[in-house]
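For clarity, every value in this text was computed on a predicted model and none was experimentally measured. These numbers come from the heavy atoms of this one structure, side chains and all, not from hydrogens, waters or symmetry mates. If you read the sequence from its start, that first residue is 1, and numbering goes on from there.
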Amino acid sequence: MIFCVEDDSNIQNLVVYALQSSGFEANGFGDGAAFFGALQNQKPQLIILDIMLPDEDGISLLRKLKSNSSTAEIPVIMLTAKTSEYDKVMGLDSGADDYITKPFGIMELVSRVKAVLRRSAPKEKAGSLQLGQIKLNTATHTVTVNETEITLTFKEFALLHYLMCNAGLVLSREKLLSTVWGYDYEGETRTVDVHINTLRQKLGVCSATIETVRGVGYRIAAHRE
C-alpha cells in the first residue's frame, strides 16, 4: 500500500491512478489529519508527501513520521511545487528518501517509487528469506512451507527467490524471463506461466501468496502480521 498526501484532488487522483495502474495499492488523502487517521489502521510501504498542505506542512508531517518509532522506517518521497535548493535540502535533511518537483512525469514518478522501494527493502540476512510461512535459504538451497521442506527445481527456486526479494512489487513476465532465465534465452513468456503454476502447486497452502496481475505479470504478496 502507498499513501499519497496531496491537497490538489486532480494531482492526487492522477498519482493514485498511476500507481494502481502499475500494480500497486494506493490511497490518497487531502490533509495531514486524514493521513494520520489512516496510519492508525494501516502502515503503508511508502508515502508520497506534498509540502504545501492546508492544515500542516509536509516537512512538519515528515518530522513527526521520522520521530515515531512505528513510522520512522517508512520511506517518503516529497512531492511539491517548491523547486528551491533550500526546500529540497530541508526535505532530505528531515528524512525524505527522494524529492520530486511539480510538474512531473508519471513514468518518472512510478520509476522513483520503485527505486525507493528497492532501496528500502529488507536485506537478505544469513542467506535466508522468510515471507509468512515460506522460508527460503540460499546457502542450503532449500525451501520450507509451514516447516515442511519442499523440493524445487533450480529454476523454480530462482523464480521464488526473485519474487521474494521483490515482495509487493509487480514483475512482468518479460522481466522474470530475462532475470531468471537470462537475456539470451529464446523461449517465450509462456515458460514463466508454466513455472509459476508448478511453483504454486508445490507451495500448497501458500500458493495464493503468488498473485497474478492481469495483463502484466506476477507479484508475491508482502506478508502482513
S.K.: Taking atom CD1 of Ile134 and atom CG of Asn146, what is their separation to the nearest 0.5 Å?
M.R.: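 Taking CD1 in Ile134 and CG in Asn146, the distance rounds to 9.0 Å.
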S.K.: Can you sort out the partners of Phe24 under ring-ring contact (aromatic ring centres under 6.0 Å, His included), two or more places apart, ordered by chain and number?
M.R.: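 With sequence neighbours excluded, Phe24 shows a ring-ring contact (aromatic ring centres under 6.0 Å, His included) to no residue whatsoever.
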S.K.: Can you tell if the side chain of Ile74 reaches within under 4.5 Å of the side chain of Lys43, non-hydrogen atoms only?
M.R.: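 Yes, their side chains come closer than 4.5 Å.
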S.K.: If you compare all heavy atoms of Thr142 against all heavy atoms of Thr140, which two are closest, and at what distance to 0.1 Å?
M.R.: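 Distance-wise, the nearest heavy atoms are OG1-OG1, 2.7 Å.
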S.K.: Which pair of heavy atoms, one from Val15 and one from Cys4, lies closest together, and at what distance?
M.R.: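 Scanning both residues completely, I find the closest heavy atoms to be CG1-SG, 3.9 Å.
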S.K.: Taking the side chain as everything from C-beta on, heavy atoms only, tell me whether Ile51 gets closer than 4.5 Å to Met78.
M.R.: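 SC-SC contact between Ile51 and Met78 confirmed.
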S.K.: So, taking the atom named CG in Leu46 and the one named CZ in Arg112, what distance separates them when rounded to the nearest 0.5 Å?
M.R.: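 Leu46 CG to Arg112 CZ: 12.5 Å, rounded to 0.5 Å.
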S.K.: Within the distance-only criterion (no hydrogens, no angle test), does the side chain of His141 pair as donor or acceptor with the backbone N or O of Asn137 below 3.5 angstrom?
M.R.: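 No: the side chain of His141 does not pair with the backbone of Asn137.
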S.K.: According to salt bridge (charged side-chain N to carboxylate O under 4.0 Å, His left out), does anything in residues 202-213 pair up with another residue at least two apart or in another chain? List the pairs.
M.R.: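 Those involving residues 202-213 are Glu156-Lys202, Glu211-Arg219.
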S.K.: Tell me the closest heavy-atom pair linking Ile106 and Ala18, and the distance in Å.
M.R.: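 Here Ile106 and Ala18 meet closest at CG2-CB, 3.4 Å.
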S.K.: Membership question, hydrophobic clusters at under 4.5 Å side-chain separation (ILVMFWY): are Tyr99 and Met52 in the same one?
M.R.: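 Yes, it is one cluster - the side chains of Met52 and Tyr99 are joined through contacts under 4.5 Å.
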S.K.: Using modelled atom types only, decide if a donor and an acceptor are shared between the side chain of Lys135 and the backbone of Gln130 within a distance under 3.5 Å.
M.R.: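 No, because the side chain of Lys135 does not come within donor-acceptor range (under 3.5 Å) of the backbone of Gln130.
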S.K.: Tell me whether Val213 is reachable from Leu117 by hopping between hydrophobic residues (I, L, V, M, F, W, Y) whose side-chain heavy atoms are closer than 4.5 Å.
M.R.: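 No, it is not one cluster - the side chains of Leu117 and Val213 are not joined through contacts under 4.5 Å.
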S.K.: Rounded to the nearest 0.5 Å, what separation is found between the NZ atom of Lys155 and the CG atom of Leu176?
M.R.: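 Spacing of NZ (Lys155) from CG (Leu176) equals 12.0 Å.
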S.K.: Look at Lys102 together with Asp50 and state whether they make a salt bridge at an N to O cut-off of under 4.0 Å.
M.R.: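 Looking at Asp50 together with Lys102, the answer is yes, because their closest N to O distance falls below 4.0 Å.
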S.K.: Start with the C-alpha gap between Cys165 and Leu129, add the side-chain angles, then the distance that decides, and say whether side chain to side chain contact (heavy atoms under 4.5 Å, CB included) holds.
M.R.: CA-CA 8 Å; Cys165 285; Leu129 292 170; 3.7 Å; yes
S.K.: Please determine whether side chain to side chain contact (heavy atoms under 4.5 Å, CB included) holds for the pair Phe157 and Leu199, giving the CA-CA distance in whole Å, both sets of side-chain angles, and the decisive distance to 0.1 Å.
M.R.: CA-CA 9 Å; Phe157 183 92; Leu199 184 55; over 6 Å; no
S.K.: Taking all atoms of both residues into account, what is the closest heavy-atom pair of Leu65 and Thr71, and its distance?
M.R.: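 The pair with the smallest heavy-atom distance is O-OG1, 2.7 Å.
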S.K.: Give a yes or no answer on whether the side chain of Ser207 reaches the backbone of Leu203 with a donor-acceptor pair at less than 3.5 Å.
M.R.: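 Looks like no, no N/O pair under 3.5 Å.
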S.K.: Hey, does the side chain of Arg200 reach the backbone of Ile210 with a donor-acceptor pair shorter than 3.5 angstrom?
M.R.: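 Yes, Arg200 side chain to Ile210 backbone: donor-acceptor pair under 3.5 Å.
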S.K.: With sequence neighbours excluded, tell me which residues meet ring-ring contact (aromatic ring centres under 6.0 Å, His included) with Phe36.
M.R.: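 ring-ring contact (aromatic ring centres under 6.0 Å, His included) check on Phe36 returns nothing, list empty.
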S.K.: Is the backbone of Ala26 close enough, under 3.5 Å, to the side chain of Gln20 for a donor and an acceptor to pair up by distance?
M.R.: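 Yes, Gln20 side chain to Ala26 backbone: donor-acceptor pair under 3.5 Å.
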S.K.: Just verifying a value: how many Å separate Asp193 CG and His195 NE2, rounded to the nearest 0.5 Å?
M.R.: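 Asp193 CG to His195 NE2: 11.0 Å, rounded to 0.5 Å.
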S.K.: Residues in side-chain contact (heavy atoms from CB on, under 4.5 Å) with Pro103, at least two apart?
M.R.: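 Scan of Pro103 (side-chain contact (heavy atoms from CB on, under 4.5 Å), adjacent residues dropped) gives none.
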S.K.: For Ala33, enumerate each residue passing the side-chain contact (heavy atoms from CB on, under 4.5 Å) test, keeping only those at least two apart in sequence or located in another chain.
M.R.: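 By the side-chain contact (heavy atoms from CB on, under 4.5 Å) rule, Ala33 matches Asp31, Asp55.
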S.K.: Measuring from atom OG1 of Thr138 to atom CE of Met164, what distance do you get when rounded to the nearest 0.5 angstrom?
M.R.: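 So the gap between those two atoms works out to 10.5 Å.
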S.K.: By ring-ring contact (aromatic ring centres under 6.0 Å, His included), which residues pair with Phe35, not counting sequence neighbours?
M.R.: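 ring-ring contact (aromatic ring centres under 6.0 Å, His included) check on Phe35 returns nothing, list empty.
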S.K.: Counting C-beta onward and ignoring hydrogens, is there a side-chain heavy-atom pair between Leu79 and Leu49 closer than 4.5 Å?
M.R.: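 Leu79 vs Leu49: side chains apart.
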S.K.: Which heavy atom of Ala158 sits nearest to which heavy atom of Val180, and what is that distance?
M.R.: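 Heavy-atom minimum between the residues: CB-CG1, 3.9 Å.
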S.K.: Hey, any chance Leu131 and Ile196 share a hydrophobic cluster, counting ILVMFWY side chains that come within less than 4.5 Å of each other, even indirectly?
M.R.: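 Shared cluster, yes.
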S.K.: With heavy-atom distances below 4.5 Å as the criterion, would you say the side chains of Tyr218 and Val170 are in contact?
M.R.: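 They are not in side-chain contact.
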S.K.: Quick check on the hydrophobic clustering: are Leu177 and Val216 connected, directly or via other members, by side-chain heavy-atom contacts under 4.5 Å?
M.R.: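 Shared cluster, no.
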S.K.: Heavy atoms, side chains only, cut-off 4.5 Å: are Glu6 and Ile48 in contact?
M.R.: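 SC-SC contact between Glu6 and Ile48 ruled out.
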S.K.: Check whether any side-chain heavy atom of Glu56 sits under 4.5 Å from a side-chain heavy atom of Lys64, and report yes or no.
M.R.: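 They are in contact (side-chain heavy atoms under 4.5 Å apart), so the answer is yes.
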S.K.: Find out whether Met1 and Gln42 are in side-chain contact, i.e. whether some heavy atom of one side chain is under 4.5 Å from a heavy atom of the other.
M.R.: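 The answer is yes, as the side chains (C-beta and beyond) meet within the 4.5 Å cut-off.
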S.K.: Are Ile77 and Val113 close enough that some pair of their side-chain heavy atoms sits under 4.5 Å apart?
M.R.: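 They are in contact (side-chain heavy atoms under 4.5 Å apart), so the answer is yes.
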S.K.: Under 30°, 30 to 60°, or over 60°: which ring-plane class applies to Phe3 and Phe29, parallel, tilted or perpendicular?
M.R.: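 The arrangement is perpendicular - the two ring planes meet at more than 60°.
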S.K.: Hey, could you give me the OG/CG distance between Ser94 and Leu61, rounded to the nearest 0.5 Å?
M.R.: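 Answer rounded to 0.5 Å: 11.5 Å.
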S.K.: Indicate whether any N or O donor in one side chain lies under 3.5 Å from an N or O acceptor in the other, for Ser70 and Asn68.
M.R.: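 Side-chain D/A pair, Ser70 to Asn68: present.
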S.K.: Out of Ile47, Val16, Leu19, which one pairs with Ile2 under the side-chain contact (heavy atoms from CB on, under 4.5 Å) rule?
M.R.: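 Answer after filtering Ile47, Val16, Leu19: Leu19.
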S.K.: Checking the side chain of Asn166 only, and the main-chain atoms of Leu169 only, is there a donor and an acceptor separated by less than 3.5 Å?
M.R.: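 Here the side-chain-to-backbone pair does not exist.
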S.K.: Does Tyr17 share a hydrophobic cluster with Ile100, counting links as ILVMFWY side-chain heavy atoms below 4.5 Å and allowing steps through other members?
M.R.: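 Shared cluster, no.
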